[in-house]
Amino acid sequence: MTTINFPELEQLERIIEQLGGRAHTEVIERIAFKGQEFPIHCITLGSDRPDVPVLAFFGGVHGLEKIGSEIILSFLETISHLLDWDQEFLARLEKSRLVFIPMVNPVGVYMGTRCNGNGVDLMRNAPIEGEGVTRIFSGHRISSHLPWYRGDPLNMEKEALAVCRIVDQQLFNAPLSIALDLHSGFGLRDRLWFPYASHKTPFAFLAEIYALKTQLDRCYQHHIYKIEPTFQAYMINGDLWDYLLDAFIQRDHNERLFIPLTLEMGSWLWLRKSPLHLFSRHGYFHPLLPHRQQRIFRRHFTLFDFLHRSLLYPEKWAPLTPEQKKTNYQKALAHWYE
Ligand SMILES: [Zn+2]
């Protein structure tokens with residue numbers, strides 16, 4: 001079996017080389033597809049102590065939405081140069097850890113498909129059933145030839161299991177962690193989603209996410225994100241982050257906090273600006289003009305930085321005192337659930 005090569009993977013491997021000994025890099029899974037091997041890379045930066053906060057980035061779960069992978073690669077490129085001189089950033093890394101899986105679904109990125117090489121939608125593949133969910137895009141088991149195919153949730157795909165392993169090893173044991181999964185394709189706005197996607201129950205760290213939202217709203221009054229539980233946009237079966245969150249909560253998590261977020265970039269914006277987009281393969285999900293692409297690369301760096309600093313200095317949002325927790329929870333219910 002030969003190892004595949006394509007532009008996004010080449011870029012990723014070049015960045016890994018640039019990072020050299022300053023990062024820990026590992027091939028966490030190898031996916032065989034049509035006689036070739038597709039590596040899934042994981043890059044870790046900063047402290048390896050178990051008691052530091054962790055921010056993790058995931059891209060390319062849906063291969064067609066490769067803009068997510070490209071943003072992470074662009075961010076890693078920036079970081080590889082910051083490491084040369086930015087003492088403040090280096091000091092942050094001594095007290096925290098950054099984890100990156102820029103291309104969760106390398107076959108999908110290579111092929112320009114939403115699903116993996118087995119025709120499975122990795123964000124419908126977990127053993128989680130949506131409540132009252134019947135639409136085909138919510139995930140189905142009819143045929144792998146249709147999009148949103150769930151595969152076998154009791155025998156999850158290698159790519160999904162690789163994500164679960166890394167989250168388990170790197171995030172579940174941290175006192176405070178955030179996972180940010182980058183997607184594109186829904187609506188006109190950039191959305192920041194928190195659980196659940198499979199039902200409308202308020203999630204365990206609702207008070208904290210509300211406090212974090214308040215912090216973002218106050219500090220960056222003109223930020224671009226609509227923050228909401230995923231189910232407000234749509235409800236699905238098999239959401240990987242619902243599954244991981246429940247797995248975390250079912251453990252004795254001892255005041256630890258794990259918050260999975262999805263950044264869903266509103267790609268209809270790109271479409272509106274150039275309708276011809278529709279006729280290209282990546283059209284819906286990817287900005288095709290280079291200047292637009294570059295703008296999107298930069299657009300989210302402030303958010304990444306905000307999340308990193310919020311994890312390092314969580315006093316205002318996590319953990320909260322019982323009184324703050326109660327107040328925030330009530331406000332969050334009124335804001336999102338009524
Ligand atoms: Zn997606």
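Atom NE2 of His81 has more than 12 neighbouring heavy atoms from other residues, nucleotides or ligands inside a 6.0 Å radius. More than 12 heavy atoms of other residues, nucleotides or ligands shown are found within 6.0 angstrom of CD on Glu315. Dense packing is recorded around CZ of Arg22, with more than 12 heavy atoms of other residues, nucleotides or ligands lying under 6.0 Å away. More than 12 heavy-atom neighbours from other residues, nucleotides or ligands sit within 6.0 angstrom of CZ on Phe203.
Here Glu129 pairs with Arg150 under the salt bridge (charged side-chain N to carboxylate O under 4.0 Å, His left out) rule; sequence neighbours left out. Checked against salt bridge (charged side-chain N to carboxylate O under 4.0 Å, His left out), Glu88 has the following partners two or more places apart in sequence or in another chain: Arg92.
Aromatic ring pairs are classed by plane angle as parallel below 30°, tilted from 30° to 60° and perpendicular above 60°; the pair His140 and Tyr149 is tilted. Using cut-offs of 30° and 60° on the angle between ring planes, the pair Tyr337 and Phe231 is tilted. Note on ring orientation: taking the six-membered ring where Trp is involved, the planes of Phe38 and Phe33 are perpendicular (angle over 60°, cut-offs 30° and 60°). By the 30° and 60° cut-offs, the orientation of the rings of Phe172 relative to Phe248 is tilted.
Ion pairing between a basic and an acidic side chain is recognised when a charged N comes within 4.0 Å of a carboxylate O; Lys95 and Asp51 show no such pairing. Salt bridge annotation for Arg124-Asp239: absent, with no cationic side-chain nitrogen under 4.0 angstrom from a carboxylate oxygen.
Note that CZ of Arg309 is 12.5 Å distant from OG of Ser96, once rounded to the nearest 0.5 Å.
For the pair Pro7 and Glu10, the minimum side-chain heavy-atom distance is 4.5 Å or more. Within the 4.5 Å cutoff, the side chain of Glu157 has no heavy atoms near those of the Leu161 side chain. Between Asn237 and Ile128, every side-chain heavy-atom pair lies at or beyond the 4.5 Å cut-off. Between Leu257 and Phe205, the closest side-chain pair of non-hydrogen atoms falls below 4.5 Å. Here the side chains of Ile209 and Trp336 are in contact, with some heavy-atom distance below 4.5 Å.
Across Val61 and Met123, no two heavy atoms sit closer than the pair CG1-CE, 3.9 Å. Looking at every heavy atom in both residues, Met156 comes nearest to Cys164 through CE-SG, 4.0 Å.
Looking only at distances, a side-chain donor or acceptor of Trp317 sits under 3.5 Å from a matching main-chain atom of Ser310. No donor-acceptor distance shorter than 3.5 angstrom exists from the side chain of Asp242 to the backbone of Pro195, with no hydrogens or angles considered.
The residue from Ile28, Ile43, Asp181, Val167 that alone fulfils the side chain to side chain contact (heavy atoms under 4.5 Å, CB included) condition with Ile101 is Ile28.
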